[in-house]
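Shown next, in structure tokens, is the structure this report addresses.
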Protein chains: 2
Amino acid sequence: MAMDSVDQKWSTAEREIMEATYRAMLEHGYPGLSISRIAEQFDKSKASIYYHYDSKDELLVSFLDFVVDQFKTNFAEEIDEDPSSALNTVIERLVPLQMNDEEFQGRIVLIELRSQATRNEAFREKFTEINELLVTSICEIIERGIEDGTFRDVEAARVAEHIVATVNGSTIDRVTTNREVAPAAVRLSLSSYIDSELKSCQ
Amino acid sequence: MAMDSVDQKWSTAEREIMEATYRAMLEHGYPGLSISRIAEQFDKSKASIYYHYDSKDELLVSFLDFVVDQFKTNFAEEIDEDPSSALNTVIERLVPLQMNDEEFQGRIVLIELRSQATRNEAFREKFTEINELLVTSICEIIERGIEDGTFRDVEAARVAEHIVATVNGSTIDRVTTNREVAPAAVRLSLSSYIDSELKSCQ
DNA sequence: GTCTATATCATGATAGAC
DNA sequence: GTCTATCATGATATAGAC
């Protein structure tokens, strides 16, 4: 299951196809994704894609895997020892105050794929995995903070669920509305929530 | 802009098409939505749809309007005078502890449409409108509660943003993952949040 | 307003040469 | 492994009868 590196999970050709798929999806969206449009995004033909993938469905499941792996890799980067700053880092990573184009586009792709999880069980399992990863990671940080006295003795799992829901809701807002102040407001209220919920009630 | 009743906004034929579109979308999803499949869902032909709508795009924008109107009508139902119970009602309405099939399917359709707001400006505006409506409504309740002394003197807009983000994140989770306990956990933590943030710090 | 029939195009997928 | 050429199907959209 766990691999040393992403490079061993996909061959060069497959990775090229995945990256072309990513670009095609950014340009045309999930409903507009077609084999021809993927082929347009790199230097090989439609038919070559079918050498590597039996069907469009199989390709899409692989693509989801590819995108989720990227997300996980990105999320798992060095997290501080100190529970309080670890939590800050995680939140800054999930709801950055400033987002560059690349990050923003990554969110768009994820949301579009996510909406397909409503009818596709393979997709659904992947997003269950993502949310579970987020909740578990945050939960562990909170538990560490409770142990070393940084945080109050709260129900860590419940607080983690809350944070993840808020973070996801904020992301959706940012990507599907023009409400430009909202993310900043949520960042503030999230800090306030963490303060009042986790720090001692002075 | 504001109409007495939904019945005046769409003719009978149009409403039939909208309802057929709704069923087709539930069955095939947004990417699988086609004029033929909409026509399959009622007793008229493909061509008759083109009598009422010039193009598929125009139909889809109308459909979004239709679905969003339903959502708003549903959300705007009688809300209590008392700020505290009004807030409870709103949250129970947005994140029900139990959801029947109809409610669940309504959420699926909204999420699928929402993911299209990432590339379609008309869609984006509609979802901006929805989120603004939710934030404004909740904000007003909180402000009323502050005035009559029910709630602490918090920054109402910020708390409202937080609640809406959390509610939306919880909905996404419910519709796109198999994490069946999560919504209940978020409901609990939302109540806890409202308690600690809005009620006096005893 | 609704029908049947049809034009035109893009899609997923395959065959067979190299 | 990759290509070109091709097939069958289903898409949007229109024409014209009723």
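Every heavy atom of this structure was used, including side-chain atoms; hydrogens, water molecules and symmetry mates were not. Chain letters run A, B, ... following the sequence lines, proteins first, then strands; residues in each count from 1.
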In residues 33-44 of chain A, which residues come under 4.0 Å of DNA chain D by heavy atom? A:D43, A:K44
Do the side chain of A:R174 and the main chain of A:P183 share a donor and acceptor less than 3.5 angstrom apart? no
Interatomic distance, B:Y50 OH vs C:dT4 P [rounded to whole Å]: 16 Å
Between A:I49 (CD1) and C:dT14 (P), how many Å, whole number? 14 Å
Under the side chain to side chain donor-acceptor pair (under 3.5 Å) rule, what pairs show up with a residue in residues 91-116 of chain A, not counting sequence neighbours? A:E92-A:R187, A:E112-B:R119, A:R114-A:N131, A:R114-B:T176, A:S115-B:S115
If we ignore hydrogens and angles and just use 3.5 Å, is the side chain of A:K56 paired with the main-chain N or O of A:L33 as donor and acceptor? yes
Distance-only donor-acceptor pairs under 3.5 Å for side chains of residues 153-169 of chain A, two or more places apart:
unit_1	atom_1	unit_2	atom_2	d
A:E161	OE1	B:R179	NH1	3.4
A:E161	OE1	B:R179	NH2	3.3
A:E161	OE2	B:R179	NH2	2.5
A:H162	ND1	B:S189	OG	2.7
A:H162	NE2	B:H162	NE2	2.8
A:T166	OG1	A:H162	O	2.8
A:T166	OG1	B:T166	OG1	2.8

With distance as the sole test, does B:S192 use its side chain to make a donor-acceptor pair with the main-chain N or O of B:L188 at under 3.5 Å? no
Within less than 4.0 Å of OP1 or OP2 of C:dT2, is there a side-chain N or O belonging to B:S45? no
Side chain of A:K46 only, heavy atoms from C-beta on: which candidate in D:dT2, C:dC3, C:dA13 is closest? C:dA13
Is A:D148 reaching over with its side chain to a backbone N or O of A:T150, donor-acceptor style, under 3.5 angstrom? yes
Judged by atom type as modelled, is there a donor-acceptor pair below 3.5 Å linking the side chain of A:R152 to the main-chain atoms of A:L198? no
Would you mind checking if B:R37 and B:E40 are paired as a salt bridge, meaning a charged N to carboxylate O distance below 4.0 Å? no
Among D:dA13, C:dA15, C:dA13, the nucleotide that comes nearest once only the side chain of A:A47 is considered: C:dA15
What is the bend of the helix from C:dG1-D:dC18 to C:dC18-D:dG1 when you compare the axis at one end with the axis at the other, using five pairs each and rounding to 10°? 0°
Within 6.0 angstrom of A:E77 CD, more than 12 heavy atoms from elsewhere: yes
Could you name each residue pair satisfying salt bridge (charged side-chain N to carboxylate O under 4.0 Å, His left out) that touches residues 133-147 of chain A, not counting sequence neighbours? none
For B:T89 and B:I79, indicate whether the former's side chain and the latter's backbone hold a donor-acceptor pair under 3.5 Å. no
In numerical order, the residues of residues 51-65 of chain A whose heavy atoms come under 4.0 Å of DNA chain C are A:S55, A:K56
